[in-house]
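Below is one structure, written out as structure tokens; the observations come after it.
When a ligand or atom number is given, it counts from 1 through the structure's own listing order. Side-chain atoms are counted along with the backbone in the values below, which use heavy atoms only and exclude waters and symmetry mates.
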Amino acid sequence: MSSPVIELAVIGGTGVYAFPGLRQAQAIEVSTRWGAPSSPIVAGDIEGKRVAFLARHGERHTIAPHRINYRANIDALHALGVRRVVGVNAVGGIRDDMGPRVLAVPDQLIDYTTGRVSSFCDEDGEPVLHAEFGEPYSVTLRRALSEAAARAGVVVVDGGCYGATQGPRLETRAEIARLHRDGCDMVGMTGMPEAALARERGMDYACVAVVANWAAGRGPRPDASISLEEIHAHLAAATGQVPRIVRALLAG
Ligand code: HPA
């Protein structure tokens with residue numbers, strides 16, 4: 001019997017290492033020409049639809065943002081037939097309405113990462129692509145996510161510009177001031193090259209950004225340092241909303 005079609009994949013970021021309530025769950029080991037993905041891919045049923053889950057930093061958060069094998073992650077999902085991907089990414093809030101625990105579905109990004117392998121066209125045998133990226137996220141999937149959030153009663157900021165930084169350190173206040181001048185509304189370390197690779201593979205990709213902290217120098221206490229405990233507490237509270245959005249997306 002052929003495997004059921006996987007309708008959607010969720011790539012979980014910091015604070016999201018499993019997807020609750022997957023029925024008939026099965027861990028699938030996939031290898032790609034780029035190596036192994038960050039974790040086994042767990043496929044299971046939600047709302048009668050097959051969903052795949054991948055932990056971007058590994059199941060025990062052992063892989064730093066700049067060391068993630070983004071190509072293996074995207075290609076492994078692609079090899080399983082996945083054509084729609086929702087990336088869940090922790091971010092720091094820059095815009096005034098992007099305080100801790102806010103969820104956003106960005107519509108633009110600026111890539112500040114350096115030295116990451118950011119394309120499949122990096123190896124012989126891969127076609128040279130110049131992927132269209134004016135709209136870096138799938139317009140259809142973004143809209144479906146925002147509508148699903150509304151149906152689920154989860155408030156999300158619709159749109160915003162995601163600044164992707166190299167990490168793993170957090171940014172200086174001057175760096176965040178620059179990102180703000182550039183038009184970034186939130187900052188994270190894992191949004192790229194994931195979005196670009198998904199585009200190269202022809203997959204619909206959208207991001208649910210979860211604000212973990214005010215970015216350096218932003219918010220009501222701009223001189224305050226950012227505490228990891230605070231980040232984890234905000235993420236623990238806010239990421240719990242994401243499965244509700246995904247369920248509504250699949251049911252809708
Ligand atoms: N900067 C970059 N990435 C992040 C942050 C931040 O402040 N918070 C969570 N991910």
- [ ] Look only at interatomic distance and state if Asn213 has a nitrogen or oxygen under 3.5 Å from any nitrogen or oxygen of ligand 1.
- [x] yes
Open item on the list: I'd like the name of whichever of Ile176, Ile231, Val210, Leu170 reaches closest to atom 6 (C) of ligand 1 through any heavy atom.
Closed with: Leu170
Task: same_hphob_cluster(Ile94, Ile226) at 4.5 Å side-chain heavy-atom cutoff - done: no
Open item on the list: I'd like to know whether Gln166 forms a side-chain hydrogen bond (donor to acceptor under 3.5 Å, both in side chains) with Thr113, so could you lay out the CA-CA distance, the side-chain angles of the two residues, the decisive distance to 0.1 Å, and finally the verdict.
Closed with: CA-CA 4 Å; Gln166 175 68 0; Thr113 64; 4.6 Å; no
TODO: Indicate whether the side chain of Arg199 and that of Tyr205 have a donor and an acceptor atom separated by less than 3.5 Å.
DONE: no
Task: Enumerated ligand 1 atoms positioned under 4.0 Å from heavy atoms of Gly188 - done: 2 (C), 3 (N)
- [ ] Using a strict 4.0 Å cut-off to heavy atoms of Glu171, name the atoms of ligand 1 that fall inside it.
- [x] 1 (N), 2 (C), 6 (C), 7 (O)
TODO: Report yes if some heavy atom in the side chain of Pro37 is under 4.5 Å from a heavy atom in the side chain of Leu54; otherwise report no.
DONE: yes
- [ ] Flag this pair as yes if the NZ/CZ of Arg201 is under 6.0 angstrom from the six-membered ring centre of Phe120 and inside a 45 degree cone about the axis; otherwise no.
- [x] yes
Task: Check: Thr165 N/O within less than 3.5 Å of ligand 1 N/O - done: no
Task: Linked, directly or transitively: Phe19 and Leu141 (ILVMFWY side chains, under 4.5 Å) - done: yes
Task: atom 4 (C) of ligand 1: nearest protein contact (heavy atom, Å) - done: Val187 O, 3.7 Å
Open item on the list: Return the closest protein heavy atom for atom 10 (N) of ligand 1 as residue, atom name and distance.
Closed with: Ala90 O, 3.5 Å
Open item on the list: For atom 5 (C) of ligand 1, what is the closest protein heavy atom, and at what distance to 0.1 Å?
Closed with: Gly92 N, 3.4 Å
